[in-house]
Number of protein chains: 2
Amino acid sequence: MQVMGVPVVGVVGGGQLARMMVPPAIALGIEIRVLAEKPDASARLAASAVGDYRDLETVRTFAKDVDVITFDHEHVPQDVLRALVTDGVAVHPGPDALQFAQDKLEMRRRLAEVGVPMPDWAGVRNAEELQAFIDEHGGAAIVKTPRGGYDGHGVRKVTAGTEVADWFADFDELLVEELVDFRRELAQLVARRPSGQMAAWPVVETVQVDGVCKEVMAPAPHATPRIHQVAHEIAESIASGLDVTGVLAVELFETTDDRILVNELAMRPHNSGHWTIDGSRTSQFEQHLRAVLDLPLGDPAPREAATVMINILGGPQGEAITDRFATAMAQFPEAKLHTYGKDARPGRKVGHVNVAGSELEQVAFVARAAAAVFDD
Amino acid sequence: MQVMGVPVVGVVGGGQLARMMVPPAIALGIEIRVLAEKPDASARLAASAVGDYRDLETVRTFAKDVDVITFDHEHVPQDVLRALVTDGVAVHPGPDALQFAQDKLEMRRRLAEVGVPMPDWAGVRNAEELQAFIDEHGGAAIVKTPRGGYDGHGVRKVTAGTEVADWFADFDELLVEELVDFRRELAQLVARRPSGQMAAWPVVETVQVDGVCKEVMAPAPHATPRIHQVAHEIAESIASGLDVTGVLAVELFETTDDRILVNELAMRPHNSGHWTIDGSRTSQFEQHLRAVLDLPLGDPAPREAATVMINILGGPQGEAITDRFATAMAQFPEAKLHTYGKDARPGRKVGHVNVAGSELEQVAFVARAAAAVFDD
């Protein structure tokens with residue numbers, strides 16, 4: 001059922017990022033269709049198809065009659081992406097950009113060409129090369145698999161070249177990076193249209209626990225104008241240099257000697273941008289839709305002085321997350337509760353809480369307390 | 001596909017009010033199902049059934065396995081509503097409350113018992129009785145059909161008792177009201193849970209053109225604390241007195257002699273509350289879902305000093321509304337555009353624009369200009 005002329009966005013992947021694109025699509029009045037992995041995917045309400053995103057014919061059928069294809073994740077194989085482009089489908093971000101999100105070695109090589117500040121890094125092919133890097137960098141380093149990592153998986157701190165023999169069995173080459181002495185982690189999100197317009201949200205501080213994002217403070221507390229400027233310039237250089245379309249998230253280290261270094265990239269809406277749903281004039285999900293449709297970008301300014309996002313990780317085991325709503329809502333009427341329609345499971349991202357207001361400390365207190373209602 | 005324990009809200013009617021309940025349902029992680037009138041209804045994305053809301057078996061089937069039934073409109077017949085209640089279905093607002101939204105004479109009689117200030121009114125059964133009321137009230141009056149009116153339909157200004165002979169043919173009794181000398185129109189929205197908790201948004205000013213809402217300014221400019229207090233007390237008296245559950249909208253006159261009089265009621269989210277989507281910490285659509293599920297209510301405080309809502313009436317004829325997005329978005333990046341997935345048609349409510357900020361004049365200018373992009 002399609003009203004005259006309404007743009008249609010097809011999202012490959014039915015996770016919570018696809019789910020959170022649905023409200024702004026409804027608000028704007030554009031049509032959104034999701035290719036979900038399974039019938040009970042988080043974004044099931046908008047699922048027009050269920051199937052395997054690695055299968056070209058499945059994706060090709062899904063992509064018929066949409067104005068643009070975009071993504072809930074970066075795992076669609078290059079041959080599928082390139083076949084769509086050959087078919088004449090608009091794909092944003094495109095395969096040339098996505099290859100740098102799919103392979104961390106390719107990413108580091110390309111970012112070196114773009115010229116953004118990074119930790120020391122190298123591609124290593126065996127234990128000896130890795131040991132040499134470790135020896136040159138104070139006796140420890142971070143090794144990453146080039147592909148397949150997420151939320152702390154595929155990342156290992158090592159002090160000897162022999163500690164990743166299992167990964168060398170699977171990969172010809174691994175990425176090794178210096179152990180950065182950082183004060184905190186930041187994230188800079190920017191949206192970019194195919195025609196080039198960009199819009200950057202304020203840089204935020206992220207807090208990881210066991211490699212998983214737990215908290216985001218927006219804007220990053222005590223961030224100087226220089227930090228905002230450097231972070232914006234880095235993200236915009238990457239977005240332009242890698243021809244990223246849609247939302248780009250750049251995870252950054254703020255080092256103890258005041259440098260800003262690029263840690264990771266994501267070419268999609270990102271957990272560090274969930275605060276924008278309630279804290280920015282234009283959420284990352286609305287902005288992503290505008291960007292991939294090559295529509296003019298919305299105002300990324302924060303609505304209030306401080307917004308804090310706390311992830312609900314795991315949730316109450318054996319109990320519906322929504323069973324805790326009455327408690328959380330009664331205690332914290334100002335908290336914005338977001339849950340993803342997923343069953344609770346240890347460590348799983350099942351929702352988040354946003355609180356916005358004028359005082360960071362008060363906002364953070366309420367957000368943490370409201371999210372804690374959902375702890376097991 | 002239902003995740004463990006998730007509450008399910010069933011909405012009868014597939015118009016834009018049902019459509020706008022879908023984003024907060026997705027955000028909270030509750031399930032929403034819509035009984036739509038037609039497959040291409042505004043709320044089609046969440047339609048789990050298409051059928052006639054006047055048919056008991058259709059509604060009964062739809063109401064199976066939902067936690068609560070609520071409404072996009074007030075037109076579901078009393079016998080259908082009462083049969084659901086007899087079946088044990090939670091219905092909010094319930095039939096006892098809805099009868100007062102369905103019949104304006106019943107509404108006036110009940111409000112007189114509750115004791116809220118109203119224009120002079122009477123039930124009239126013929127031209128003579130109407131003429132007597134006109135003669136007692138300065139030679140003119142407003143006549144309304146008790147049922148079936150909306151957006152200026154079913155309302156007529158008369159100066160002679162003979163001018164509504166057509167309506168006397170259809171109705172035993174008509175409502176006649178004095179012509180109120182008002183300075184402006186206001187609206188007060190309040191949400192109420194079955195267990196009694198209420199939350200009121202600030203009173204707003206509404207501007208009608210040809211009987212249709214065109215603009216809303218929130219909060220109402222220059223509203224004194226007394227006006228806010230009186231409006232809140234009126235709305236809360238009505239919500240309690242009529243046992244309204246969910247969102248109640250009370251349209252008010254502010255008279256030239258500083259009285260606040262009740263004009264109309266709506267027992268559902270209301271056009272005068274669309275500003276809350278982008279202007280309040282809790283939108284009327286989220287609050288309605290919380291209220292009908294008897295969950296604690298959210299904070300109704302405004303996010304910013306001023307929010308202005310402008311309706312898009314009609315839209316560009318023979319053209320997709322979304323075709324104007326590029327123009328509106330490029331000029332007004334701070335404007336929040338909402339369209340309802342309906343084809344443009346003269347006078348039809350097809351969308352609205354919200355703008356929030358610190359200065360009412362600036363906000364109103366941008367909202368009006370952005371909405372004007374969609375004029376035919």
Side-chain angles (χ1 to χ4, degrees), chain A residues 1-7 19-20 22-32 39-41 44-46 199 277-278 281-282 290 293-301 303-304 319-323 325-331 333-344 350-351 356, chain B residues 1-7 19-20 22-32 39-41 44-46 199 277-278 281-282 290 293-301 303-304 319-323 325-331 333-344 350-351 356:
Chain A
M1 284 301 146
Q2 200 176 329
V3 166
M4 183 180 65
V6 168
R19 179 189 182 99
M20 288 187 270
V22 179
I26 293 173
L28 286 172
I30 64 182
E31 187 176 331
I32 186 163
D40 65 345
R44 56 192 171 274
L45 186 65
I277 299 173
D278 301 298
R281 287 201 192 283
T282 308
R290 288 180 180 226
L293 284 167
D294 204 15
L295 286 167
L297 300 177
D299 180 2
R303 288 176 189 267
E304 309 206 41
E319 202 181 318
I321 296 163
T322 50
D323 287 354
F325 272 6
T327 305
M329 289 175 175
Q331 290 185 57
E334 69 274 55
K336 305 312 294 177
L337 308 180
H338 298 262
T339 74
Y340 306 152
K342 295 156 74 171
D343 284 326
V350 294
Chain B
M1 284 301 149
Q2 199 175 330
V3 167
M4 183 179 64
V6 168
R19 180 189 181 99
M20 289 187 270
V22 180
I26 293 174
L28 287 172
I30 64 182
E31 187 175 331
I32 186 164
D40 66 344
R44 55 193 171 274
L45 186 66
I277 300 173
D278 301 298
R281 288 202 191 283
T282 308
R290 289 181 180 226
L293 285 167
D294 204 15
L295 286 167
L297 301 177
D299 180 2
R303 289 176 188 267
E304 310 206 41
E319 202 182 318
I321 296 162
T322 50
D323 287 354
F325 272 4
T327 304
M329 289 175 176
Q331 289 185 59
E334 70 273 55
K336 305 312 296 177
L337 308 180
H338 298 262
T339 76
Y340 307 152
K342 295 157 73 170
D343 284 326
V350 294

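Here is how names work: the chains are called A, B, and so on, in the same order as the sequence lines, proteins then strands, and each is numbered from 1.
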With a 4.5 Å heavy-atom cut-off, do [X] and [Y] have their side chains touching?
X: I26(A); Y: I26(B); result: yes
X: T282(A); Y: K336(B); result: yes
X: L293(A); Y: F325(B); result: no
X: V22(B); Y: L45(A); result: yes

Problem set entry | chain A contact via A335(B) - which portion, at a heavy-atom distance below 4.5 Å |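 The backbone, not the side chain.
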Check: Can any side-chain N or O of R303(A) pair as donor or acceptor with the backbone N or O of D278(B) at less than 3.5 Å?
Finding: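 Yes; judged by distance alone, with no hydrogens or angles, the pair exists.
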So which of E304(B), M20(B), R281(B) has the largest heavy-atom pair count under 4.5 angstrom toward chain A?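 Of the options given, most contacts go to R281(B).
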Practice item. Name the member of G29(B), A199(B), P296(B) that forms the most heavy-atom pairs with chain A at distances under 4.5 Å. Key: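 Heavy-atom pair counts peak at P296(B).
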**Asked** Shortest non-hydrogen contact from T322(A) to I30(B)?
**Response**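 For T322(A) versus I30(B), the nearest heavy atoms are CG2-CG2, 4.4 Å.
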E334(B): side chain to side chain donor-acceptor pair (under 3.5 Å) partners, not counting sequence neighbours: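 Side chain to side chain donor-acceptor pair (under 3.5 Å) check on E334(B) returns nothing, list empty.
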Could I get the full list of side chain to side chain donor-acceptor pair (under 3.5 Å) partners for R19(A), not counting sequence neighbours?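 Here no residue qualifies.
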If you count heavy-atom pairs under 4.5 Å with chain B, which of A330(A), G298(A), A27(A) comes out on top?
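Looking at each of A330(A), G298(A), A27(A) in turn, A27(A) comes out on top.
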Check each atom of L297(A) against the heavy atoms of chain B and say whether the ones under 4.5 Å are side chain, backbone, both or neither.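 Looking at L297(A), just its backbone touches chain B.
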